[in-house]
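Shown next, in structure tokens, is the structure this report addresses.
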Amino acid sequence: MTNKGLLIVVSGPSGTGKGTICKQLLNAVSDLKLSVSATTRAPRADESQGVNYSFIDKQQFETMINEHELLEYAKVYDNFYGTPKKYVVDEINKGNDVLLEIDIQGALQVKEKYPEGVFVFILPPSMKELKKRIVSRGSETEDSLNKRYKSATEEISFVREYNYLIINDEVDMAVEKLKAIISAEKCKITEDVEEVITKFKEEMKC
Ligand code: 5GP
């Protein structure tokens, strides 16, 4: 009902499959924009600059913080990650929906600044499944894997701060649920409903 686009924030512990869900959602919904985060983490073999992340060094990241160019940022597993503000603000103001796939610390910062965002938490069906998924990814060292598993246990209680929870038993179903959430949010009545009422009243006068 509003002219602004939706800000959809997806997070959840590592290994929940949120990356796969977001990728499929972006393929299915052509006008949804992905916010490409900046990170100090090194690219993985299948990642490229500007597509998965904007890979920058710590000094560049600090400059972005000091110049207030980040909507939020956090240190996650020894690396910094942040959402460039300008892209998100510009797209939302143009009426485009924007997807952020960010960690919980970052999502809470966004919620503080932009509570009208749609906050979606993704969980795996069980902790056993979560461990299996992190291991099968094969990209983590033993230390990193243990860190991710430990954080997952701590992060689960933050689900209370979100608007929606999706249990990812099956990716296609999880994507459908996310699409349904977006559709419902677009039909939600906001203060902009006054414009709709005025428009209909004007039309009735003719
Ligand atoms: P990965 O290193 O596996 O790509 O990401 C590690 C974690 O960082 C994931 O939970 C991911 O959602 C999160 N992340 C990615 N981009 C951002 C960002 O811009 N801000 C924050 N706060 N977290 C991010």
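Whatever order the structure lists them in is the order used to number ligands and atoms, beginning at 1. Worth saying up front: this structure is predicted, and the values here are computed from it rather than measured.
- Distance from atom 2 (O) of ligand 1 to its nearest protein heavy atom, with residue and atom name: Tyr81 OH, 2.5 Å.
- Without hydrogens or angle criteria, Arg148 side chain to Ile134 main chain gives no donor-acceptor distance under 3.5 Å.
- Looking from atom 7 (C) of ligand 1 to the surrounding protein, the closest heavy atom is Val76 CG1, 3.8 Å.
- The pair Lys199-Glu195 fails the salt-bridge criterion, with no side-chain N (NZ, NE, NH1 or NH2) lying under 4.0 Å from an Asp/Glu carboxylate O.
- The shortest N or O to N or O distance between Asp103 and ligand 1 is below 3.5 Å.
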Checklist entry - Can you check side-chain hydrogen bond (donor to acceptor under 3.5 Å, both in side chains) on Gln109 and Tyr114, steps first, answer last? => result CA-CA 8 Å; Gln109 292 171 43; Tyr114 198 77; over 6 Å; no
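- Residue Gly82 has at least one N or O atom closer than 3.5 Å to an N or O atom of ligand 1.
- In terms of protein heavy-atom proximity, atom 9 (C) of ligand 1 is nearest to Lys18 NZ, 3.9 Å.
- Looking only at heavy atoms of the protein, atom 5 (O) of ligand 1 is closest to Tyr53 OH, 3.4 Å.
- Shown are Val9, Ile104, Leu108; of these, the side-chain contact (heavy atoms from CB on, under 4.5 Å) with Phe119 is made only by Val9.
- At a heavy-atom cutoff of 4.0 Å, ligand 1 is contacted by both the backbone and the side chain of Ile102.
- Between Phe61 and Leu70 there is a side-chain heavy-atom pair separated by less than 4.5 Å.
- In terms of polar-atom proximity, defined here as any N/O pair under 3.5 Å, Tyr77 makes no such contact with ligand 1.
- The residue Gln109 has no part lying near ligand 1, judged by heavy-atom distances below 4.0 Å.
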Item to check | Verdict with reasoning, Asn96 to Glu91, per side-chain hydrogen bond (donor to acceptor under 3.5 Å, both in side chains) | outcome: CA-CA 5 Å; Asn96 292 324; Glu91 292 301 326; 2.7 Å; yes
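- With a heavy-atom cut-off of 4.0 Å, Arg148 touches ligand 1 through its side chain alone.
- Counting only heavy atoms of the protein, atom 3 (O) of ligand 1 lies nearest to Arg44 NH2, 2.9 Å.
- Of the polar atoms of Arg41, at least one N or O is found under 3.5 Å from an N or O of ligand 1, judged by distance alone.
- If you number the atoms of ligand 1 from 1 as listed, the ones under 4.0 Å from a heavy atom of Gly106 come out as 22 (N).
- Residues Leu99 and Ser35 are not in side-chain contact: their nearest non-hydrogen atoms beyond the backbone lie 4.5 Å or more apart.
- Geometric assessment of Lys131 against the ring of Tyr149 yields a positive cation-pi assignment under the 6.0 Å and 45° thresholds.
- The protein atom (non-hydrogen) at minimum distance from atom 19 (O) of ligand 1 is Ser37 OG, 2.6 Å.
- When hydrogens are left out, the protein atom nearest atom 20 (N) of ligand 1 is Glu72 OE2, 2.8 Å; that is the closest non-hydrogen contact.
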Checklist entry - side chain to side chain contact (heavy atoms under 4.5 Å, CB included) between Ser11 and Ile122: does it pass, once the steps are laid out? => result CA-CA 6 Å; Ser11 34; Ile122 315 270; over 6 Å; no
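- When non-hydrogen atoms are compared, ligand 1 lies under 4.0 Å from the backbone of Glu101 as well as from its side chain.
- Side-chain contact between Leu7 and Val110 is present, with heavy atoms from C-beta onward closer than 4.5 Å.
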Item to check | Stepwise side-chain hydrogen bond (donor to acceptor under 3.5 Å, both in side chains) check, Gln105 with Asp103 | outcome: CA-CA 6 Å; Gln105 307 168 70; Asp103 93 309; 2.9 Å; yes
Checklist entry - Should Phe158 and Phe121 be marked as a ring-ring contact (aromatic ring centres under 6.0 Å, His included) after you check the CA-CA gap, both sets of side-chain angles, and the distance that decides it? => result CA-CA 9 Å; Phe158 285 97; Phe121 201 85; 8.5 Å; no
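- Using a non-hydrogen distance threshold of 4.0 Å, Ser14 does not register as a contact of ligand 1.
- Of all atoms in ligand 1, listed by their number and element, those nearer than 4.0 Å to a heavy atom of Thr83 are 19 (O).
- Near Ala74, meaning under 4.0 Å from any of its heavy atoms, are these atoms of ligand 1: 22 (N).
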